[in-house]
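Heads up: the structure comes next, in structure tokens.
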Amino acid sequence: MIGLFDSGVGGLSVLKAIVQNNINEDFIYFGDTKNVPYGTKTKEQILSYTHDIMRFFIDKHVDIAIMACNTSSALVYEELNKEFSNKIKICPLIQNAAPYFKNENNTIGVISTNATAKSHAYTKEILKYNSSAKIVELECQKFVEIVEKRLYNDASSIEYIKNKAEFLKQSACKKVILGCTHFPYLVPILTKFAPDIEFIDPANYLIKAIKNELTNIGAQKNNSTYRFYVSSNPENFQQSGSLFFDIKEPAELIEFARV
């Protein structure tokens, strides 16, 4: 079984990409809607939230836990992997994407939430494989709101996106990593303002790691099943999540006990 989590609905874009790549498995998705967005939370807060989620996944007999959230991958992957790696395989976005830029000579852009940008996680990981890489990280926190509230035609939103695209062009970025799972939905607009930039979804690299892991554990299924869980507002999750994935079953509310 594969489990995915995010602070809200954005991680559903990762689930959609996995399904489109013909990976058949039993999936469960946890949206921590009570604590959305992670991008404005502290490392300590995110570590507490994700500890609960990992324990929940283990209770559900999840084999592979996908951190379908760049912010948690940036801030707490090492801690979670150290604590839970003997019980569950954890697959983060950033750490699986970084090796694919080992031969990149042009400036690499990264657009992300506040927390991911401040952590410089993409820069640190890419430099492990490409010590001479030139990387520009740009905070685009408002992109999350634009996507979740579908403000694509709002004048101020379009201006905000245009300004970010202009910065990337002026920084001579040829490839830009979409460092938040919401951001792939803005590619048509970003491309309009920056047609010469290649926008890259790191979920594509994560999928390769998942396929390898499934091969290693000998997992093979003919069909997929899906279950969705949230920490608040199941109805809102289903409505907002429809932008990212075809959710047919109602999400179940899970409230973790806090000590």
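- For the pair Thr181 (side chain) and Cys69 (backbone), a donor-acceptor distance under 3.5 Å is absent.
- Between Phe143 and Tyr160, the ring centre distance stays below 6.0 Å.
- The backbone N or O of Asn35 sits less than 3.5 Å from a side-chain atom of Lys41, completing a donor-acceptor pair.
- Contact check for Thr113 versus Tyr38: no side-chain heavy atoms found under the 4.5 Å cut-off.
- When every heavy atom of Gly179 is checked against every heavy atom of Ser112, the shortest pair comes out as O-CB, 3.5 Å.
- When every heavy atom of Gly10 is checked against every heavy atom of His182, the shortest pair comes out as CA-CE1, 3.6 Å.
- The closest donor-acceptor contact from the side chain of Lys124 to the backbone of Ser119 lies under 3.5 Å.
- Note that the CG atom of Asn163 and the CD1 atom of Ile158 stand 12.0 Å from one another [nearest 0.5 Å].
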- request: Would you check, one step at a time, whether the test side chain to side chain contact (heavy atoms under 4.5 Å, CB included) holds for Met1 with His61?
  value: CA-CA 7 Å; Met1 182 183 291; His61 307 291; 5.8 Å; no
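- Partner of Phe101 under the side-chain contact (heavy atoms from CB on, under 4.5 Å) criterion, out of Asn130, Ile135, Ile177: Ile177 alone.
- Put simply, the side chain of Phe256 does not reach to within 4.5 Å of the side chain of Arg55, judged on heavy atoms.
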query: Given Lys248 and Asp246, is the side chain to side chain contact (heavy atoms under 4.5 Å, CB included) satisfied, shown in steps?
result: CA-CA 6 Å; Lys248 293 184 171 64; Asp246 184 16; 2.5 Å; yes
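- Between Phe27 and Phe245, the gap from one ring centroid to the other reaches at least 6.0 Å.
- Residue Ile108 comes nearest to Ala133 through the heavy atom pair CD1-CB, 4.5 Å, listed as atom of the first residue, atom of the second, then distance.
- Atom-to-atom distance recorded for Phe183:CZ and Asp201:CG is 11.5 Å, nearest 0.5 angstrom.
- Ionic pairing of Lys169 and Glu166 is present here: one or more N-O contacts between side-chain nitrogen and carboxylate oxygen are shorter than 4.0 angstrom.
- Taking the side chain as every heavy atom from C-beta outward, Ile94 and Tyr77 never approach each other to under 4.5 Å.
- In this structure, Asn86 and Glu83 approach most closely via the heavy-atom pair OD1-O, 3.6 Å.
- We find the CD-CD1 distance between Glu213 and Ile64 to be 5.0 Å, quoted to the nearest 0.5 Å.
- For the residue pair Asp52/Thr50, the side-chain donor-acceptor check at 3.5 Å is not satisfied.
- When hydrophobic clusters are built by joining Ile, Leu, Val, Met, Phe, Trp and Tyr residues whose side-chain heavy atoms come closer than 4.5 Å, directly or via intermediates, Leu178 is not grouped with Tyr205.
- Counting heavy atoms from C-beta on, the side chains of Ile111 and Leu190 come closer than 4.5 Å.
- Tracing side-chain contacts under 4.5 Å through hydrophobic residues (I, L, V, M, F, W, Y), one never reaches Val144 starting from Tyr122; they form parts of separate clusters.
- Both Ile146 and Leu168 are part of a single hydrophobic cluster, where members link through side-chain heavy atoms under 4.5 Å apart.
- The OH atom of Tyr100 sits 12.5 Å away from atom CD1 of Ile200, with the distance rounded to the nearest 0.5 Å.
- Screening Phe56, Tyr29, Phe237 for a ring pair (Phe, Tyr, Trp, His ring centres under 6.0 Å) involving Tyr229 leaves a single residue, Phe56.
- Atom OG1 of residue Thr71 and atom CG of residue Leu93 lie 10.0 Å apart, to the nearest 0.5 angstrom.
- A donor-acceptor pair is defined here as one N or O able to donate and one able to accept, closer than 3.5 Å; no such pair exists between the side chain of Thr107 and the backbone of Lys134.
- Under the 4.5 Å side-chain contact rule for hydrophobic residues, Val136 and Ile126 do not share a cluster.
- The existence of a salt bridge linking Glu145 and Lys142 is excluded, since no basic side-chain nitrogen approaches an acidic carboxylate oxygen closer than 4.0 Å.
- At most 12 non-hydrogen atoms from other residues, nucleotides or ligands lie less than 6.0 angstrom from CG of Asn105.
- Under a 3.5 Å cut-off, the side chain of Thr191 and the backbone N or O of Pro188 do not form any donor-acceptor pair.
- Heavy atoms only, all atoms of each residue included: Ile2 and Ile66 are closest at CG2-CD1, 3.5 Å.
- Linking Ile, Leu, Val, Met, Phe, Trp and Tyr residues whenever their side-chain heavy atoms come within less than 4.5 Å places Leu75 and Met54 in a single cluster.
- Side-chain N/O atoms of Thr40 and Asn114 include no donor and acceptor closer than 3.5 Å.
- Taken from OH in Tyr49 to NZ in Lys34, the straight-line distance is 9.0 Å, to the nearest 0.5 Å.
- Shown are Gln239, Gln238, Glu148; of these, the side-chain contact (heavy atoms from CB on, under 4.5 Å) with Val9 is made only by Glu148.
- The shortest distance between side-chain heavy atoms of Leu186 and Phe199 does not fall below 4.5 Å.
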message: Would Lys175 and Asn106 count as a side chain to side chain contact (heavy atoms under 4.5 Å, CB included) here? Give the steps.
response: CA-CA 8 Å; Lys175 296 181 179 180; Asn106 294 308; over 6 Å; no
query: When you look at Gln95 and Met67, which way does the side chain to side chain contact (heavy atoms under 4.5 Å, CB included) test go after all the steps?
result: CA-CA 11 Å; Gln95 290 79 357; Met67 304 179 77; over 6 Å; no
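- Between Thr116 and Cys180, the closest side-chain pair of non-hydrogen atoms is not below 4.5 Å.
- Side-chain N or O atoms of Lys164 include one that pairs as donor or acceptor with a backbone N or O of Glu139 at under 3.5 Å.
- Outside the 6.0 Å centre-distance limit, the rings of Phe57 and Phe30 are not counted as a close aromatic pair.
- For Leu47 against Leu80, the heavy-atom pair with the smallest separation is CD1-CD2, 4.2 Å.
- You'll find the side chain of Thr123 stays beyond 4.5 Å of the side chain of Val110, heavy atoms only.
- Taking the side chain as every heavy atom from C-beta outward, Pro37 and Gln141 approach each other to under 4.5 Å.
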